[in-house]
Colleague: 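Have a look at this one.
Labels below follow one simple rule: chain letters A, B, ... track the order of the sequence lines, proteins then strands, and each chain is numbered from 1.
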Number of protein chains: 2
Amino acid sequence: MPYKYYRGEDRKVLQAALRDRGFRSTEGRLTLLSVLKRAKSPLPVSAIAERLRSTLDEVNVYRALEALNEKGLLMRSDMRQGGARYEYVRSHHHHLICSDCGLTEDVEICADKRMEKKALDNSRAFAKIDTHALEFFGLCKACAPRLSYA
Amino acid sequence: MPYKYYRGEDRKVLQAALRDRGFRSTEGRLTLLSVLKRAKSPLPVSAIAERLRSTLDEVNVYRALEALNEKGLLMRSDMRQGGARYEYVRSHHHHLICSDCGLTEDVEICADKRMEKKALDNSRAFAKIDTHALEFFGLCKACAPRLSYA
DNA sequence: TTTAGTGCAAAATCTTTGCAGGGTA
DNA sequence: TACCCTGCAAAGATTTTGCACTAAA
């Protein structure tokens, strides 16, 4: 492969992460993880595929993202911008999303376990809750001045 | 049109709702709203277009959903199942979603204004927050027995 | 050696855009 | 009458599937 997206240090960590979940450690998936680990915000599939052009075919980017998401190594989030986005999972968190330009920022605010329990208690049809997604929509400081008078 | 999805009573309410937001009251949009108002859960675009086959072209279903969502008459939600879903807005609420069969249930639990404020206070890049989306993922009572031993 | 992972081709879905004509206000 | 809304055609974007080949364990 023409370019290393990761340093040696990182590589071992990612290899271990893959093997721990029963995956084989391949160049494509290592690079994919590395790209997402470095990203400052969730990336759309198109952007990920773009950066992996020489390493992993777009079709397999979809397959890999799906598999890694399934095992909790990545998190998929839908941000009302058409198409899924994925991010490397460091810790549980949520997002602020600008309705105008799409900028995202992480927030630590969380609908915690207490809230999950409350939701389950109020439910008729559900037996258990595993996780949740919380997104805040608003305007970032760059877009707000342009739009807030509307 | 071959079939009425709404009763006379409802029709007036929906007409008013449309006009209040600056829309024209057309058969297509009235029927669309009626379909969603009766639905027990958020519907994917394909299902909506299906039911409106004889009333509103799929292309215009997309246009109408987008417009009505924009004005708050409908709510769009992405439920990690590929493709957007829409529901008629009665009051602000959120969803429980079964990771296996896709069943959804409304919950009144909410990341309230206090939480939005907290998120904004912790943010560096955002100027305001308008709304939020909160989804709980788990297993419904029908699917849990089949899967929980896994 | 076994089989998960991959590339390539092709198709299925999902969504948007353009434009001329029809219906609402 | 003005122009929002619509149907139809077409294209663009997103995602999935099939299959033979490659490479990790």
Side-chain angles (χ1 to χ4, degrees), chain A residues 1-2 11-12 14-35 42-71 73-74 76-86 102, chain B residues 1-2 11-12 14-35 42-71 73-74 76-86 102:
Chain A
M1 56 296 335
R11 184 182 177 86
K12 285 171 195 159
L14 297 179
Q15 286 184 324
L18 283 170
R19 296 201 176 109
D20 284 352
R21 326 264 163 163
F23 293 118
R24 288 181 182 177
S25 169
T26 67
E27 207 52 46
R29 293 184 172 187
L30 283 171
T31 310
L32 188 159
L33 283 176
S34 177
V35 164
L43 297 180
V45 181
S46 56
I48 300 167
E50 167 88 18
R51 296 182 201 189
L52 294 175
R53 207 176 331 137
S54 56
T55 311
L56 192 61
D57 188 87
E58 182 175 25
V59 173
N60 294 307
V61 169
Y62 275 101
R63 292 197 255 232
L65 288 171
E66 166 66 16
L68 299 173
N69 173 65
E70 200 74 20
K71 293 289 186 184
L73 219 43
L74 302 180
R76 170 182 180 152
S77 42
D78 296 289
M79 299 187 162
R80 300 181 177 178
Q81 306 192 61
R85 292 174 181 238
Y86 290 85
Chain B
M1 57 295 339
R11 184 182 176 87
K12 285 172 194 158
L14 297 179
Q15 286 184 325
L18 283 170
R19 295 199 177 111
D20 284 352
R21 325 264 163 161
F23 293 118
R24 289 183 179 175
S25 169
T26 66
E27 206 54 46
R29 293 185 171 185
L30 284 171
T31 309
L32 188 159
L33 284 176
S34 177
V35 164
L43 296 181
V45 181
S46 56
I48 301 168
E50 166 89 18
R51 297 182 200 189
L52 294 175
R53 207 179 330 138
S54 56
T55 313
L56 192 63
D57 188 89
E58 182 175 24
V59 173
N60 294 306
V61 169
Y62 275 101
R63 291 198 256 234
L65 288 171
E66 165 67 15
L68 299 174
N69 173 65
E70 199 75 20
K71 292 290 186 185
L73 218 43
L74 302 179
R76 171 182 179 152
S77 43
D78 297 288
M79 300 187 160
R80 299 181 176 178
Q81 306 192 61
R85 292 175 180 237
Y86 291 86

Colleague: Tell me the closest heavy-atom pair linking B:L18 and B:T26, and the distance in Å.
Modeller: CD1-N, 4.5 Å
Colleague: Taking NZ from B:K71 and P from D:dC5, how many angstroms apart are they, rounded to a whole number?
Modeller: 11 Å
Colleague: Which heavy atom in A:A64 sits nearest to a heavy atom in A:L32, and how many Å separate them?
Modeller: CB-CD1, 3.8 Å
Colleague: Taking only the side-chain nitrogens and oxygens of B:R29, find out if one of them lies under 4.0 Å from OP1 or OP2 of D:dT6.
Modeller: yes
Colleague: Return the set of residues passing salt bridge (charged side-chain N to carboxylate O under 4.0 Å, His left out) with A:R76 (not counting sequence neighbours), or none when no residue passes.
Modeller: A:D78
Colleague: Please give, in whole Å, the distance from C:dG23 P to B:N60 CG?
Modeller: 14 Å
Colleague: First locate atom CZ of B:R19, then atom CZ of B:R24, and finally report the distance between them rounded to the nearest 0.5 Å.
Modeller: 11.0 Å
Colleague: Among all residues two or more places apart in sequence or in another chain, which pass the side-chain contact (heavy atoms from CB on, under 4.5 Å) test with A:E58?
Modeller: A:A49, A:Y62
Colleague: Looking at residues at least two apart in the chain, or sitting in another chain, which of them share a side chain to side chain donor-acceptor pair (under 3.5 Å) with A:N60?
Modeller: A:R63
Colleague: How close do B:L30 and B:S25 get, counting heavy atoms only, and between which atoms?
Modeller: CD1-OG, 3.6 Å
Colleague: Given atom CG of A:L32 and atom P of C:dG7, what is their separation to the nearest angstrom?
Modeller: 12 Å
Colleague: Please list, for nucleotides 22-25 of chain D, all pairs of protein and nucleotide N/O atoms separated by less than 3.5 Å.
Modeller:
unit_1	atom_1	unit_2	atom_2	d
D:dA24	N3	A:R24	NH1	3.2
D:dA25	OP1	A:R19	NE	2.9
D:dA25	OP1	A:R19	NH2	3.4
D:dA25	OP1	A:S25	N	3.0
D:dA25	OP2	A:R19	NH2	3.1

Colleague: Let me have a per-nucleotide readout for nucleotides 14-20 of chain C, 5' to 3', with B, S or -, counting only protein heavy atoms under 4.0 Å.
Modeller: SBBBBB-
Colleague: Working to the nearest 0.5 angstrom, can you tell me the gap between B:R29 CZ and B:L68 CG?
Modeller: 5.5 Å
Colleague: Give the intermediate values and the outcome of side-chain contact (heavy atoms from CB on, under 4.5 Å) for residues A:L65 and A:V45.
Modeller: CA-CA 9 Å; A:L65 288 171; A:V45 181; 4.0 Å; yes
Colleague: For A:I48 and D:dT14, what is the distance between atoms CD1 and P respectively, to the nearest whole Å?
Modeller: 12 Å
Colleague: Let me know the distance between CG of B:L52 and C1' of D:dT6, rounded to the nearest Å.
Modeller: 13 Å
Colleague: Hey, what do you get for CD (B:E27) to OG (B:S34), rounding to the nearest 0.5 Å?
Modeller: 10.0 Å
Colleague: Which angle, to the nearest 10 degrees, lies between the helix axes at the two ends of the helix from C:dT1-D:dA25 to C:dA25-D:dT1, each defined by five pairs?
Modeller: 50°
Colleague: In this structure, how many angstroms lie between the P atom of C:dG5 and the CZ atom of A:R21, rounded?
Modeller: 14 Å
Colleague: How long is the span from the CD atom in A:E66 to the CG atom in A:L74, to the nearest 0.5 Å?
Modeller: 10.5 Å
Colleague: Report the distance from atom CG of A:L56 to atom P of C:dT6, rounded to the nearest whole Å.
Modeller: 5 Å
Colleague: For B:D57 and D:dC5, give me the distance from atom CG to atom C1', rounded to whole Å.
Modeller: 12 Å
